[in-house]
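None of the values given here were measured: they were computed from a predicted structure. Side chains are part of it too, since the values below use all heavy atoms of this structure and drop only hydrogens, waters and symmetry mates.
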Amino acid sequence: LTPVESQFEIYDVCEDGYIIRKQYKNGRVYGLADAGFEVILSPIYDWIQWLPHAPNYVSIQNQSRKYGLIRTNGKEVLPVAFDRLVTFLSTQDILAKKSNLYYWYDDTGNQLSVKGYPRMGEKIQMHSLYNDTSTVYPAIPVMDENGQHRILKRDGKVISLDSIQELSII
């Protein structure tokens with residue numbers, strides 16, 4: 001770990017430390033420092049954004065306008081390879097878009113969707129799917145490659161809309 005020196009400035013405060021910025025003649029780059037001002041992620045990214053509803057995470061962006069997700073301790077959750085990232089307010093799960101397909105990941109970077117989907121319900125909150133025993137299954141609406149609307153459960157299984165007893169927003 002390298003101490004934050006005078007060439008870095010504190011740009012923003014996040015849950016476990018600071019977003020730092022290094023100024024160049026032609027622009028600036030961003031990194032992370034811990035609460036003791038030790039650099040834990042060197043300033044190499046074009047943008048870093050702290051996620052207030054997911055306080056232990058920051059979104060990162062490189063020059064190719066690709067996005068990734070890291071914890072504020074510097075541990076990578078998703079590599080900088082995605083066109084878009086969306087985190088849910090009710091959980092810290094992530095929808096990530098790559099090559100025009102959406103994928104569902106948990107907050108540790110494990111892929112929950114078996115494959116990518118052309119459309120996912122990224123603009124709505126998580127849903128709860130109730131079965132006969134009233135067990136709650138987190139799920140999101142998806143559109144498959146044939147344009148059919150389905151429900152993708154958190155366990156990766158896809159079900160049709162007509163098999164749902166009750167669907168409610170949580």
How about Tyr105 and Phe82: are their ring centres within less than 6.0 Å of each other?
->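 When the ring centroids of Tyr105 and Phe82 are compared, they turn out to be within the sub-6.0 Å range.
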Residues forming a side-chain contact (heavy atoms from CB on, under 4.5 Å) with [X], sequence neighbours excluded:
{"X": "Gln63", "value": "Asp46"}
{"X": "Asn26", "value": "none"}
{"X": "Ile44", "value": "Ser42"}

Minimum-distance pair of heavy atoms, taken over all atoms of [X] and [Y]:
{"X": "Gln61", "Y": "Tyr45", "value": "O-CB, 3.5 Å"}
{"X": "Gln111", "Y": "Val114", "value": "NE2-O, 3.7 Å"}
{"X": "Lys22", "Y": "Pro43", "value": "CB-CB, 4.2 Å"}
{"X": "Ile20", "Y": "Ala33", "value": "CG2-CB, 3.8 Å"}

For the [atom1] atom of [X] and the [atom2] atom of [Y], what is their distance to the nearest 0.5 Å?
{"X": "Leu85", "Y": "Leu78", "atom1": "CG", "atom2": "CG", "answer": "6.5 Å"}
{"X": "Ile94", "Y": "Leu69", "atom1": "CD1", "atom2": "CG", "answer": "5.0 Å"}
{"X": "Phe8", "Y": "Gln23", "atom1": "CZ", "atom2": "CD", "answer": "12.5 Å"}
{"X": "Leu41", "Y": "Ile19", "atom1": "CG", "atom2": "CD1", "answer": "10.0 Å"}
{"X": "Cys14", "Y": "Leu32", "atom1": "SG", "atom2": "CG", "answer": "5.5 Å"}
{"X": "Tyr117", "Y": "Tyr103", "atom1": "OH", "atom2": "OH", "answer": "10.5 Å"}

Provide the full list of salt bridge (Lys or Arg N to Asp or Glu O under 4.0 Å) pairs with a residue in residues 55-72, sequence neighbours left out, each pair given once.
->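 Found Lys66-Asp83.
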Taking C-beta and beyond as the side chain, do Val77 and Thr108 meet within less than 4.5 Å on heavy atoms?
->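 Answer no - side chains too far apart.
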Does Asp107 reach the side chain of Asn56, with side-chain heavy atoms less than 4.5 Å apart?
->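 No, too far: nothing below the 4.5 Å cut-off.
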I would like to know whether Lys97 and Tyr67 meet side-chain contact (heavy atoms from CB on, under 4.5 Å); could you show each step before the answer?
-> CA-CA 9 Å; Lys97 183 179 181 183; Tyr67 298 88; over 6 Å; no
Tyr30: what forms a ring pair (Phe, Tyr, Trp, His ring centres under 6.0 Å) with it, not counting sequence neighbours?
->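 Here the qualifying residues are Tyr11, Trp47.
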Shared-cluster residues of Val29, by chain and number - hydrophobic side chains joined below 4.5 Å |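 Its cluster mates, by chain and number, are Tyr24.
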In terms of heavy-atom contacts, does CG of Asn100 have more than 12 from other residues, nucleotides or ligands at under 6.0 Å?
->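 Counting other residues, nucleotides and ligands, CG of Asn100 stays at 12 neighbours or fewer.
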